[in-house]
Amino acid sequence: MSTNEPNIEEKYDFSAIQDRWLGIWDKLAPFNTADVPDDAPRKYVLDMFPYPSGDLHMGHAEAFALGDVLARYWRGQGFSVLHPIGWDSFGLPAENAAIKRGIDPREWTYQNIEQQKTSFRRYATSFDWSREIHTSDPEYYRWNQWLFLEMFNKGLAYRKDSPVNWCPNDQTVLANEQVVDGRCERCGALVTKKKLNQWYFKITDYADRLVDDLSLLEEGWQSKVLSMQRNWVGRSNGADVTFEIEGRAEPITVYTTRPDTLFGATFMVVAADADLAAELVAEADAETRIKFQDYLEEVKKANDIERQATDREKTGLFSGRFAINPVNGEKLPIWISDYVLADYGHGAIMAVPAHDQRDLDFAKAFDLPIRIVVDTEPVDGADAVVDPAESGIALPGAGKMINSGKFDGLTKAESIPAIIADLEERGLGHASKNYRLRDWLISRQRYWGTPIPIIHCGDCGEVPVPSSELPVRLPESAGLDLQAKGASPLGAAEDWVNVPCPTCGKPAKRDSDTMDTFVDSSWYFLRFLSANSEEVAFDVNEAKKWAPVDHYVGGVEHAILHLLYARFITKVLHDLGYVDFVEPFTALLNQGMVLMDGSKMSKSKGNLVEFAGELDAYGADALRVTMAFASPPEDDIDWADVSPAGAAKFLARAWRISKDVTTPSGSIADDGDRALRRETHRFLADAPALIESYKFNVVVARLMELTNVTRRAIDSGPGAGDPAVREAAEVLATALNIFAPFAAEDMWANLGFPAPVALVRWKDADPSLLVADSVTAVFQVNGKVRDRVDVAPDISAADLEAIALASEGVQRAIGEGQIVKVIVREPKLVNIAIKA
RNA sequence: GCCGGUGUGGCGGAAUGGCAGACGCGGAGCACUCAAAAUGCUUUGUUCGAAAGGACGUGUGGGUUCGAGUCCCACCACCGGCACCA
């Protein structure tokens, strides 16, 4: 097969070029990684796999362009690069579309996949298609079930009754991570609470490691994402303190981050919706019991948005009971309120109104005592500390302890360990940590997901499906009512749901819920390593060779959810002995969004830019260059501010150089024009560091510069026959390949080489060419540039100083002034400090 | 409230403490054309000046330094995360 047929076009014609190479690339399959030698240097470059809803959009166009730049770059550096693609193809939109149109979710999903696949091919993404995966295939989701059972056997998957987030619109439960501002992340409906029996993954067991291991990612992840992850886990350090309760055998434990304020506790508060509150008032007088019932009703009615409003008035009631402060034996009234949360800490707090704003608000509302126990600095430039009882402003700052018995005089830093030690000695408390993170709720009451591989038996309880019977396939959707109704549609598939118990053989029922699709995506990067294996989820040895992922590319909208789950599952797989690393993604590139006229694109706003339309108008190369050149990758791109036509113009200029070269291939570049060669090799020397630090926009700018100087060399320099021009053109083709694969391939063919240019190793920079013949020295007077002179790069400090002092511009600037000091940084700078 | 980030021409953006504005978009002028588009060339931070040449200029105010967009302190604005989390 001849891959370098002569090009007939005399002008850059992106659509002819695309047509010419697509078919050839299909046959060459240059990105297949089936037979990589064991000792080959490797990189794993992965884009977050797409959810196949309709065609690709401009956001995909950016993310996948950038991922492809990295994959192609490392190939050019001689690495074997794994750059796979798959489809996150389970999930609600397919189901909703299916309901709306009365078709199988499978049909809708796999049609969209075909469309996106076609678009990816036209976009020249360098995927290894032999490893393609679909999470909605039984061949994939059986390994979700395998993972679930591994976790079930380790006690990391469990079922519990708990109030859960419920989306009344989608009629399914939601993970905490899917509730944003009290609303369903997907549809925006107000989320309510519902008490349900649901499956959880025990991510809280890994809370400390999920925070601590972030330090391993400081090199490769944006600090923004690290802090988002840290915030989400929400670890706080403090102490558990035990309070005896009058008339109750069991004491109550509270969690506090300020044990140093223990002497300032003047009451205790129990969360209204905690079981403890109901128990405490059970023996109270009738009036209190009725008041409590009314209050509890009120609290339950409030949705999260109302409840979370921080400027709400404090409400509550006295329980009639008292606690004993362990440090001073004082009797503290126990109050009940909804400002304390039932599911954080122990659902009860010690209230220190002088030093906590919330407690102070409550104390003032119910006229409770306020006692200062920390001598804080005055705030906001005030002369003296104002009594919180007067000002209504609590004093949360640090200071020396007062009114605290034997602890008086200690600073906050000293007193916290001292008090904890004292409590510990007396068995009344200990240091403790708390987390905002909750266990990951993974059950969903919907059809289009992975069936949970558990059989419920009246006698044996929760029985795992034997691994020989995996996968538990989804029943056909035909005949099932997929309409959201709060119970899984699978429950109605009689033939499917009724099975004998694997243990005792009696009639039993399959679990009819499906898994959260974030389970699918929490380990898919490992499935690519053995995408076609029927024996294992992934081969442990392949994981040793390829994983973890070297570059993970995707939107910052997944900075919490998906990344936290993937990190968690990776640690679980590590503990189970399947992988030898603890973090899945060594480096993370979060590209910004593609906007139009300052806002997110949407059909309803009328500012939608269609991927297919741009592709037709400018071609894949111009689109990819535009994405890379627009801004640093993390920043948003406003499509109104960029110019795909400009990118196309640049590509045409670069392409034309390859047509103009007249030197035959194999000519000796050493004989070529030195100035042009220096530019070429400066590019080769600088490009790797720029790409590896994701400064793609600068690399494109440098390619434009190289194109411009080569053009000038042809038109008004040494001419098209100079070997340096050929060298520049070859470097342009190999480097441009990472941004504009079609144009680069065509240039490579124009220069007489066979496809694919994508597997050509980049030329090394020649260090001897990086030394300039002369450099421009800058002469400053008091830091202002007054003159410039070209000098030899190895000029001595004394010579340079002499030239500077003699220069006309410097003399004029010095005038009558007196020279105080001369700084010489040969060969580039002299700065003369003068006194007027 | 706590934590993190960002502020540079008309616009997107460059700049190991050493020539601010690379590269591009847009604008202006010119060439080619009957004309337009496309393409090419020149020019383009603000301001004073005929020019030569000045002055000013990286959110604001201070500081360190021979020299600051870059480092330090304080502030302002915007963006993001968390938030009655004890």
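Letters A, B, ... are given to chains in the order of the sequence lines, protein chains preceding strands, and every chain is numbered from 1.
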Footprint string ([range], 5' to 3'): B base within contact, S backbone only, - free, heavy atoms under 4.0 Å:
range	result
nucleotides 49-58 of chain B	----SSSS--
nucleotides 13-20 of chain B	SSS--BBS
nucleotides 69-80 of chain B	------------

Open item on the list: Roughly how many Å apart are B:U39 and B:G7, using the P atom of each and rounding to a whole number?
Closed with: 33 Å
In whole angstrom, give the distance that lies between atom [atom1] of [X] and atom [atom2] of [N].
X	N	atom1	atom2	answer
A:Tyr344	B:A86	OH	C1'	7 Å
A:Asp638	B:G24	CG	C1'	16 Å
A:Phe739	B:G24	CZ	P	15 Å
A:Lys821	B:U65	NZ	P	10 Å
A:Phe779	B:C66	CZ	C1'	16 Å
A:Glu634	B:G12	CD	P	17 Å

Open item on the list: Check the orientation of A:Tyr694 and A:Phe696. Use parallel for under 30°, tilted for 30 to 60°, and perpendicular for over 60°.
Closed with: tilted
TODO: Could you tell me how the ring of A:Tyr344 sits relative to the ring of A:Tyr255: parallel (under 30°), tilted (30 to 60°) or perpendicular (over 60°)?
DONE: perpendicular
Task: Test of ring centre spacing under 6.0 Å for A:Phe267 and A:Phe362 - done: yes
Open item on the list: Tell me if the aromatic rings of A:Tyr618 and A:Phe14 count as close, with their centers under 6.0 Å from one another.
Closed with: no
Open item on the list: Considering every strand and a 4.0 Å limit on heavy-atom distances, what is the contact class for A:Leu703: base, sugar-phosphate, or nothing?
Closed with: nothing
- [ ] Report the nucleotide, chosen from B:C82, B:C66, B:C23, that has the shortest atom-to-atom distance to any side-chain atom of A:Ala833.
- [x] B:C66
Open item on the list: Is it true that A:Thr204 and A:Asp439 share a donor-acceptor pair across their side chains at a distance under 3.5 Å?
Closed with: yes
- [ ] Compute whether any side-chain donor of one residue and acceptor of the other, for A:Arg825 and A:Asn831, lie under 3.5 angstrom apart.
- [x] no
Task: By salt bridge (charged side-chain N to carboxylate O under 4.0 Å, His left out) - contacts of A:Arg702 (at least two apart) - done: A:Asp686, A:Glu705
Task: Which residues share a ring pair (Phe, Tyr, Trp, His ring centres under 6.0 Å) with A:Phe650, sequence neighbours left out - done: none
Where do N or O atoms of nucleotides 39-42 of chain B meet protein N or O atoms at under 3.5 Å, pair by pair?
{"residue": "B:G40", "atom": "OP1", "partner": "A:Arg653", "partner atom": "NH1", "Å": "3.4"}

Open item on the list: Which heavy atom of A:Ser415 sits nearest to which heavy atom of A:Met401, and what is that distance?
Closed with: CB-SD, 2.8 Å
Task: Base-pairing assignment for B:U33 (Watson-Crick or G-U wobble, both under 3.5 Å) - done: none
